[in-house]
Amino acid sequence: MLRAGSAVTCIACKNLLPSRMGVKFRVPLQKLHPLSRAIHHRYSSNNNPQRPPHCSAARHYTSLSRLPMRPPKSRSGGHGYQQHRSFWVASLAARLLKLRYILLGSAVGGGYTAKKTYDEWKDMFPDMSQYTWIVPDFVWELSENIDLDKLASALPELEEIAKLLPDMEKIGENFTFLKSLLSSGLGSEVNGASGLRLLLETTGESTLRVTDVPPTSAAMSDSSDKQFKKSSDKEKIDQLQEELLRTQLKYQRLLERLEKENKELRKVVLQKDDKGIHQRKVKKSLIDMYSEVLDILSDYDSNYNTQDQLPRVVVVGDQSAGKTSVLEMIAQARIFPRGSGEMMTRSPVKVTLSEGPHHVAMFKDSTREFDLGKEEDLAALRHEIELRMRKSVKEGQTVSPETISLSVKGPGIQRMVLVDLPGVISTVTAGMAADTKETIFSISKAYMQNPNAIILCIQDGSVDAERSIVTDLVSQMDPQGKRTIFVLTKVDLAEKNLASSSRIQQIVEGKLFPMKALGYFAVVTGKGSSNESIDSIKDYEEDFFQKSRLLRDGMLKAHQVTTKNLSLAVSDCFWKMVRESVEQQADAFKASRFNLETEWKNNYPRLRELDRNELYEKAKNEILDEVISLSQVTPKHWESILQKKLWERVSTHVIENIYLPAAQTINSGTFNTTVDIKLKQWTDKQLPHKALEVAWETLQEEFARFMAEYKGKDQDDIFDKLKEAVKDESIKRHKWNERAMDSLRVIQHNALEDRSITDKPQWDAAIHFMEETLQSRLKDTDSVIADMVGPDWKQRWLSWKNRTPEQHIRNETKNELERLLKLHEDHTAYLANDEVTTVRKNLEARGVEVDPVLIKDTWHQLFRRHFLQKALLHCNLCRRGFYYYQRHFVDSELECNDVVLFWRIQRMLAITANTLRQQLTNTEVRRLEKNVKEVLEDFGEDTAKKVQLITGRRVQLAEDLKKVREIQEKLEAFIEALHKEK
């Protein structure tokens with residue numbers, strides 16, 4: 001190697017040349033490797049080195065070692081001297097030739113060694129072509145938009161950078177001293193000092209070994225060791241460690257400064273790109289594409305079953321262990337709500353970290369961007385996260401499995417997807433649900449049982465390790481530690497509180513906890529104040545580890561500390577896991593898609609694959625079409641239906657409470673007066689309400705009828721529940737215009753006050769209406785009487801039916817009361833008490849015990865039938881009474897006031913139906929249509945409602961097909977982009 005070769009060549013050259021020749025050979029110190037230069041410097045520092053024989057050195061280190069050995073010539077005697085004097089020219093030439101060979105061999109050997117060293121160093125560097133994805137495409141176009149010469153001129157000069165470099169000569173001296181200590185048996189004292197023994201041993205194997213050093217070098221080393229042993233070995237070791245730590249910090253500051261400049265440059269470029277300098281379509285970043293897949297999977301399967309095995313970083317830890325603080329340090333913003341000792345993380349929070357020109361955050365289901373550089377936006381973001389967490393928690397519960405999805409972008413942020421879980425607790429305290437502990441465990445296990453999930457186990461370093469709960473849980477989920485990264489937080493408090501710092505070393509070396517991990521990290525996330533900024537926490541963390549004896553004494557390695565190193569390691573593990581597993585997951589979803597498509601083709605070959613939302617839109621259009629069909633109903637149809645239904649609703653009241661009482665009067669004047677009074681009371685209190693009820697029911701029935709008719713036209717029965725729910729909800733929300741009642745009352749009152757029948761057709765129509773009404777009532781009354789008395793003799797003989805004892809009593813009572821009516825055809829509507837007693841006694845004489853109440857009930861039905869029969873006879877007599885009506889029944893015994901009453905009722909019904917029809921077509925149908933649209937909009941926004949109303953295997957199969965296809969397509973797009981970045 002060049003380092004050893006150059007140094008040894010230098011020693012060999014000096015040993016080969018005698019001092020009297022006046023030829024000096026010295027390799028420039030600046031061109032040597034630092035370690036070789038340090039060795040060269042120490043060996044060259046001795047003014048009187050003891051030179052070993054020339055041939056020995058040459059034989060070991062130069063190309064002259066292959067020349068045949070010459071026996072040494074004797075110099076005794078004068079002849080030998082004379083001979084030597086005679087051939088001094090030849091001797092000088094020989095020595096010069098040796099020097100030429102030495103120089104030539106050194107040049108060849110040094111060149112070969114340099115080339116070999118260069119190749120080895122080149123192989124040590126990673127293949128940077130694999131990391132071209134780190135730099136976006138626009139960076140390669142910087143030369144077109146940014147003056148790189150100006151940037152180059154702004155960079156520091158080489159002399160300034162050289163000042164930051166360590167004193168390699170001094171380090172070389174310390175390396176030599178350490179080598180001597182290790183070889184002399186003091187290795188146990190240095191073994192814990194940052195792994196330097198391994199460095200020296202490795203260097204010695206490839207370059208320089210102690211046994212290979214020539215005797216002259218060994219002698220010089222001995223003299224140097226004596227000078228170093230003047231001071232204590234402990235002080236030298238401490239001095240060496242401090243020097244290495246200062247060197248590392250210098251390089252660290254230089255790297256941070258360069259990274260900061262690079263971040264600012266990338267931010268400027270990204271901002272210019274956002275403003276449209278490059279007129280090209282901006283593609284989604286790789287991490288955003290991956291996060292979309294996880295969001296879809298979260299909606300598709302909230303339980304994360306075996307189908308969802310895509311990697312994500314799961315952050316778990318005991319409550320108040322610092323999980324949220326670590327995540328905030330990785331995200332470089334204080335984005336989560338904070339509390340002192342209480343549970344703040346009540347549901348899983350998925351955070352997608354990616355790089356961008358501005359430090360912003362955004363929820364998955366929102367378009368608002370929170371500027372993380374502004375304190376008011378940070379406070380608003382924390383408040384929104386807290387509200388979403390509390391909203392996701394059901395009543396009576398403390399935590400929720402629903403995931404809150406959040407994305408954070410900013411310059412220099414490592415790309416990954418993290419899920420912050422609620423902290424693991426050991427005891428359920430007051431105010432918590434009884435199953436809180438088990439719920440947290442089940443949520444944590446659901447995320448950690450994913451074989452490709454990276455578990456970020458957070459352990460509080462300020463508390464006793466024996467109080468940890470999460471480590472046992474992690475060791476159950478990942479017993480081999482192949483996907484676990486252990487993080488020890490609050491190391492500053494741990495160093496202050498723990499009596500033995502070696503306990504921290506045992507933790508980070510994986511010797512204290514039963515769990516295993518890929519890596520162990522120690523971090524500091526602030527002093528415990530919620531007002532600390534991320535920059536102040538970073539400065540405090542760096543300052544702590546710079547002064548901490550944990551790093552100085554070698555208990556912690558440099559790559560194991562700071563959240564920055566942690567985020568780099570977690571990001572590397574995340575992307576490694578993604579590349580190893582994403583294609584396998586894509587194949588699994590491809591197979592699932594094939595199975596679902598096969599099932600659909602076999603069960604629903606002639607139907608399109610409509611998911612729930614598409615089916616809802618189809619049903620929505622059908623329902624709106626049916627509502628619009630109401631406007632196509634003819635006015636005649638509306639009025640006919642309304643008039644018929646209104647009469648069915650009020651006919652009983654008209655017959656029982658108006659016509660029958662008025663018919664019991666003595667003369668026509670009293671009849672008309674009674675009718676007017678009854679009609680006025682009815683109009684003021686009941687009739688308008690009844691009319692509006694009838695109109696609203698008619699509107700509902702017509703709406704339902706149109707839906708039923710539309711259903712017959714290739715209607716899909718999958719919409720039945722939805723249409724019924726929309727109809728019921730629309731009717732429930734619909735309220736008739738209250739002002740319509742007052743106007744309707746006036747119209748009805750005016751219609752009932754009119755008694756003038758203008759022509760014979762109106763008279764005949766009134767007669768017909770009256771006759772139909774009386775016949776209908778008579779038929780109903782006969783049916784009631786038949787039910788009371790039971791089957792007659794014909795039914796008993798032909799149908800083998802018998803009367804019950806009660807029917808037998810009623811039949812005997814009916815026969816007795818009919819005899820009474822035959823004797824008194826003009827009897828009033830009510831029986832006198834003495835008449836009831838007479839009927840009861842007559843029945844008792846025949847052996848029938850009867851109650852007076854039963855006698856009155858039977859009389860009521862019999863008298864009604866008797867009255868209706870008489871009214872029908874009178875109606876037939878009045879068919880030709882229009883002439884007498886025009887003369888006001890003067891000089892006539894015929895009285896047809898009841899026909900006039902029915903004409904007034906009929907006219908009121910017609911006018912009311914016309915008024916209601918106008919209100920329906922002009923106002924209420926449109927209001928119903930509006931209500932239906934509002935209900936459909938509300939149902940469309942309520943996912944749970946749609947799931948409840950549109951159900952079935954067909955719907956679920958279409959939903960699964962849509963989700964699986966979407967997941968597969970996005971996974972394939974992500975894999976393609978991933979391969980391009982490689």
Side-chain angles (χ1 to χ4, degrees), residues 644-664 678 682 686 690 693-694 697 701 769-876 898 902 905:
K644 179 180 178 181
K645 286 186 173 295
L646 181 59
W647 177 239
E648 289 176 356
R649 182 67 58 88
V650 302
S651 60
T652 301
H653 180 83
V654 171
I655 299 298
E656 300 291 336
N657 299 321
I658 299 177
Y659 180 47
L660 282 177
Q664 304 301 318
K678 296 287 185 181
W682 183 44
Q686 299 182 10
K690 296 288 184 181
E693 289 178 3
V694 168
E697 291 176 3
E701 291 176 2
F769 174 63
M770 178 180 176
E771 188 176 18
E772 282 186 348
T773 302
L774 295 177
Q775 288 178 350
S776 175
R777 287 291 164 179
L778 180 60
K779 183 178 180 182
D780 294 339
T781 304
D782 288 339
S783 176
V784 173
I785 293 174
D787 292 337
M788 290 173 60
V789 301
D792 57 5
W793 64 271
K794 186 184 295 185
Q795 290 177 337
R796 290 198 303 271
W797 280 98
L798 297 178
S799 303
W800 295 84
K801 294 181 179 179
N802 294 319
R803 291 172 176 165
T804 62
E806 183 180 357
Q807 289 175 343
H808 177 71
I809 294 173
R810 284 187 177 276
N811 183 59
E812 294 294 332
T813 305
K814 178 183 77 73
N815 294 333
E816 186 68 24
L817 292 174
E818 283 179 345
R819 283 194 291 270
L820 178 63
L821 277 175
K822 287 181 180 180
L823 295 175
H824 305 281
E825 291 186 356
D826 295 331
H827 200 287
T828 61
Y830 302 99
L831 284 175
N833 291 332
D834 55 348
E835 292 177 329
V836 173
T837 303
T838 302
V839 172
R840 183 170 60 82
K841 288 182 177 180
N842 292 336
L843 292 173
E844 288 178 353
R846 294 200 298 267
V848 179
E849 295 290 335
V850 63
D851 187 70
V853 177
L854 187 144
I855 295 174
K856 292 181 179 180
D857 291 342
T858 307
W859 169 258
H860 178 72
Q861 298 297 333
L862 290 175
F863 180 81
R864 177 193 295 272
R865 185 177 64 177
H866 175 70
F867 172 79
L868 292 174
Q869 290 172 350
K870 286 178 60 179
L872 282 173
L873 292 175
H874 183 69
C875 181
N876 290 329
D898 49 357
F902 276 93
I905 297 295

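One-based numbering along the sequence shown.
A salt bridge does not link E812 to R803: none of the charged nitrogens lies less than 4.0 Å from a carboxylate oxygen. A salt bridge links E816 to R819: at least one charged side-chain nitrogen sits closer than 4.0 Å to a carboxylate oxygen. Contact check on E818 versus K822 returns no salt bridge, with no Lys/Arg side-chain nitrogen under 4.0 Å from an Asp/Glu carboxylate oxygen.
Note that CD1 of I785 and CZ of R865 are 4.0 Å apart. Values are rounded to the nearest 0.5 Å. Atom-to-atom distance recorded for F867:CZ and L821:CG is 13.5 Å, nearest 0.5 angstrom. Here the NZ atom belonging to K814 is positioned 7.0 Å from the CG atom belonging to L862, to the nearest 0.5 angstrom. Here the CG-NE2 distance, from L817 to H866, works out to 12.5 Å after rounding to the nearest 0.5 Å. The structure places CZ of F902 at 11.5 Å from CD of E772, a figure rounded to the nearest 0.5 Å. Here the CG atom belonging to L646 is positioned 10.5 Å from the CD atom belonging to E693, to the nearest 0.5 angstrom.
In this structure, the side chain of T838 engages the main chain of D834 through a donor-acceptor pair within 3.5 Å.
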Could you list the donor-acceptor pairs under 3.5 angstrom formed by side chains in residues 868-875, with sequence neighbours left out?
residue : atom : partner : partner atom : Å
K870    : NZ   : D826    : OD1          : 3.4
H874    : NE2  : E895    : O            : 2.5

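A heavy-atom distance below 4.5 Å is found between the side chains of T837 and K841. Residues E844 and R840 have side chains in contact (heavy-atom distance under 4.5 Å, counting atoms from C-beta outward). Inter-residue side-chain proximity for V839 and W859 is flagged as unmet; no heavy-atom pair is nearer than 4.5 Å. Proximity of Q807 to M788: side-chain heavy atoms (C-beta onward) are nowhere separated by under 4.5 Å. V654 has its side chain out of reach of T773: every pair of non-hydrogen atoms, C-beta onward, lies at least 4.5 Å apart. Taking the side chain as every heavy atom from C-beta outward, F769 and I905 approach each other to under 4.5 Å. In this structure, V836 and K856 have side chains that are in contact, with non-hydrogen atoms separated by less than 4.5 Å.
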- Item | Residue pair K690, H653: steps toward the side-chain contact (heavy atoms from CB on, under 4.5 Å) verdict | CA-CA 11 Å; K690 296 288 184 181; H653 180 83; over 6 Å; no

- Assess whether side-chain contact (heavy atoms from CB on, under 4.5 Å) is satisfied between L831 and L820, documenting all intermediate values. CA-CA 10 Å; L831 284 175; L820 178 63; 3.6 Å; yes

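Shown here for F863 and H827, the closest heavy-atom pair between the two residues is CE1-O, 3.1 Å. Contact between V694 and K645 at its shortest, heavy atoms only, is CG1-CB, 3.6 Å. Taking both residues in full, the closest heavy atoms of M770 and Y659 are given as CE-OH, 3.6 Å, listed atom of the first, atom of the second, then distance.
For S651, the side chain to side chain contact (heavy atoms under 4.5 Å, CB included) test picks out W647, R777, with sequence neighbours left out.
Side chain to side chain, R810 and T858 meet the donor-acceptor criterion of an N or O pair below 3.5 Å.
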